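Every value quoted in this text rests on a predicted model; they were computed, and no experiment measured them. Both counts, for ligands and for their atoms, begin at 1 and track the order of listing.
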Amino acid sequence: MAFLDCSKAVSYLSEYPAKDGLSAKELMDSKVNGGLTYNDFLILPGKIDFPSHDVSLDSKLTKKISLKTPFVSSPMDTVTEEEMAIKMALSGGIGFIHHNCTPDEQAEMVRKVKKYENGFINDPIVISKDHTVGEIKDLGEKLGFTSFPVTETGKVGGKLIGIVTSRDTQFHEGDQDPIADIMTTELITAKSGISLEEGNRILQKSKKGKLPIVDGEGNFVSMLSLTDLQKNQDFPYASKSPHSKQLLCGAAIGTLKSDRVRLAKLVEAGLDVVVMDSSQGNSIFQLEMLKFIKETYPELQVVAGNVVCREQAAELIAAGADGLRIGMGSGSICITQEVMACGRPQGTAVYNVCEFANKFGVPCMADGGIQNIGHITKAIALGSSCVMMGGLLAGTTETPGNYFYRDGKRLKVYRGMGSIDAMQKTDTNANASTSRYFSQDDKVLVAQGVSGSVEDKGSIVKFIPYLFNGMQHSCQDIGVKSLNSLKEETEKGNIRFELRTPSAQYEGGVHNLYSYEKRLHN
Ligand code: IMP
């Protein structure tokens, strides 16, 4: 057989009737497996002609909010409170604070995110002069740090009267003595409003470890710590309001009448974007709430959902949604599909809703079922602008709850908002978790989620950069320099896909090893 001329291999490609692999539409139309999950397909590699760090992950969250990364933390009570929301925003994403708490508690968390200034400790442990030396030694042992500001009220906002450090307590023998006897009262302080750089300068000049910040009346406001400054990270991708330069913050509400009061408090606290938290978004309750929000707070961005089909999306788009949240039954803690017979495999849901919503310029968030970096890339390729994650972020330092040990592993609780545990957290507010599932009036609660535990994943400050770098490499393999071009080239049919049979999935995982350790990053 005569071979073709090797130098003509590239031009010869144009003679093929079709490109290798499938377009996204062909992939979805193939319906070989019914609906597709992220694991059911792969993206074919493209050409690498740029370094991975050139890849931009700029993404749209809503019509008016853009982020430097597509990462969003879910409004779940084991995932997002203020600590997570702060770190997510610093890392270039955004957190949505859950509403399984009182409106005041939720608003206070939003306020803390909006007031956060990188480097300043805004919520330090403060003591009163009546604490004993022994109590402070115990506190130091429990918390792992030993310096505490002392105020008249024993709280932030009280008049600053001293500071106590390990130098004061360490060699003091009278554990029953009041802290007032030994605290340092000659204080070097700084006025609130100073910049981090100024504070840093004062700290270094003072040769102290801590710099209390006070207001005009000498009331304690916050603190700078030398050790924190030394390890203070730079956050070049931080998500901030363009005018105030405050971190962006999201929060969830339900669709009951009482949620209007809740929302008023959140808006007053500075909320930038609200998500309506409902497992089935196409309801008259949500449409009414959407109308109310658009009329009352025209500047507030609203994400509506959850939806998994075009018909659901159309209603919400027409009612003014600034973004959509896609997913029903794909969450790692979710039993909705099993119990309700309702839902959709997430790959198919994301493709169908995004294909429709993108025509109207409404950005979509793929919510639930994200287990790894590859899933994020696939969700974006199928048309979403960002991804909402619960399980992938659960177990990080910034999630609410304490670590505990079982079978030698360090764990934290992660639970569905439709789990009995979460729905029964009615001590503070009876309508948060139950209303997500329209169950607030039920005598017998029907669970749509489970409660479990996940392993310690360390801090978000390290985990998000891992996701970021991983996505840059993923895009490089596909041959696209941005998430936007990943979506655009997919739409044009230039990004090609392949279905995976069960044995292809087996082959694509680690196999035939006696044992191995799966370390995801250093
Ligand atoms: P994950 O990232 O796969 O763990 O999924 C998180 C998503 O699951 C959340 O953002 C919610 O949309 C959804 N979800 C949260 N709690 C429940 C539940 O109890 N049942 C069903 N879905 C839930």
Side-chain angles (χ1 to χ4, degrees), residues 37-39 61 70-80 84-85 88 93-100 250-254 275-281 286 303-308 312 323-347 349-350 353 364-376 378-379 384 386-396 399-400 412-425 432-439 445-455 457 460 463 467:
T37 69
Y38 296 131
N39 283 337
L61 176 75
F71 310 128
V72 179
S73 72
S74 176
M76 300 171 74
D77 63 6
T78 47
V79 179
T80 311
M84 175 63 84
M88 285 299 290
I94 192 167
F96 281 85
I97 292 174
H98 73 86
H99 59 129
N100 211 13
I253 59 165
V275 64
M276 282 184 290
D277 199 23
S278 175
S279 59
Q280 210 288 48
Q286 182 151 158
V303 178
N306 280 27
V307 294
V308 287
Q312 288 176 297
L324 288 176
R325 188 174 166 197
I326 305 171
M328 189 176 189
S330 56
S332 59
I333 32 49
C334 178
I335 53 173
T336 299
Q337 295 185 358
E338 221 172 282
V339 180
M340 299 292 131
C342 243
R344 199 170 198 184
Q346 186 68 345
V350 170
V353 175
C364 294
M365 185 152 73
D367 170 26
I370 299 288
Q371 296 169 21
N372 50 45
I373 293 170
H375 286 178
I376 305 177
K378 289 175 183 179
S384 69
C386 43
V387 290
M388 180 173 266
M389 299 170 286
L392 201 64
L393 305 178
T396 53
T399 56
K412 260 197 193 185
V413 168
Y414 176 48
R415 68 183 185 191
M417 297 307 288
S419 65
I420 297 293
D421 277 6
M423 288 199 288
Q424 277 182 335
K425 192 188 174 240
S433 199
T434 43
S435 74
R436 181 179 156 84
Y437 300 93
F438 304 100
S439 300
L445 293 173
V446 179
Q448 290 195 42
V450 300
S451 180
S453 56
V454 286
E455 270 193 67
K457 293 200 182 86
I460 284 292
F463 192 67
L467 298 182

**Asked** Is the closest heavy-atom distance from Gly369 to ligand 1 below 4.0 Å?
**Response** yes
Does the N or O separation between [X] and ligand 1 drop below 3.5 Å for any pair?
{"X": "Cys334", "value": "no"}
{"X": "Met417", "value": "yes"}
{"X": "Gly390", "value": "yes"}
{"X": "Leu392", "value": "no"}

Judged by heavy atoms only, the candidate from Gly416, Ser332, Ser279 nearest atom 1 (P) of ligand 1 is Ser332
Min over Val275, Val450, Asp367 of heavy-atom distance to atom 7 (C) of ligand 1 lands on Asp367
Hey, which atoms in ligand 1 end up nearer than 4.0 Å to a heavy atom of [X]?
{"X": "Ser74", "result": "9 (C), 10 (O)"}
{"X": "Gly391", "result": "1 (P), 2 (O), 4 (O)"}
{"X": "Ser419", "result": "19 (O)"}
{"X": "Arg325", "result": "10 (O), 11 (C), 12 (O)"}
{"X": "Gln448", "result": "18 (C), 19 (O), 20 (N), 21 (C)"}
{"X": "Ile333", "result": "8 (O), 14 (N), 15 (C), 16 (N), 17 (C), 23 (C)"}

Contact summary for [X] and [Y], nearest pair of heavy atoms:
{"X": "Val413", "Y": "Ser451", "result": "CG1-OG, 4.2 Å"}
{"X": "Lys457", "Y": "Ala394", "result": "NZ-O, 2.7 Å"}
{"X": "Ser332", "Y": "Gly391", "result": "OG-CA, 4.0 Å"}
{"X": "Val387", "Y": "Ala379", "result": "CG1-CB, 3.8 Å"}
{"X": "Gly327", "Y": "Val308", "result": "C-CG1, 3.6 Å"}
{"X": "Cys386", "Y": "Leu61", "result": "SG-CD1, 3.8 Å"}

Value for CE (Met76) from NE2 (His98), rounded to nearest 0.5 Å, stands at 10.5 Å
One should read off an interatomic distance between Met388 CE and Asn306 CG, to the nearest 0.5 angstrom, of 8.0 Å
Gln312 and Gln280, any side-chain heavy atoms less than 4.5 Å apart: yes
With heavy atoms and a 4.0 Å threshold, my read on which part of Arg415 contacts ligand 1 is neither
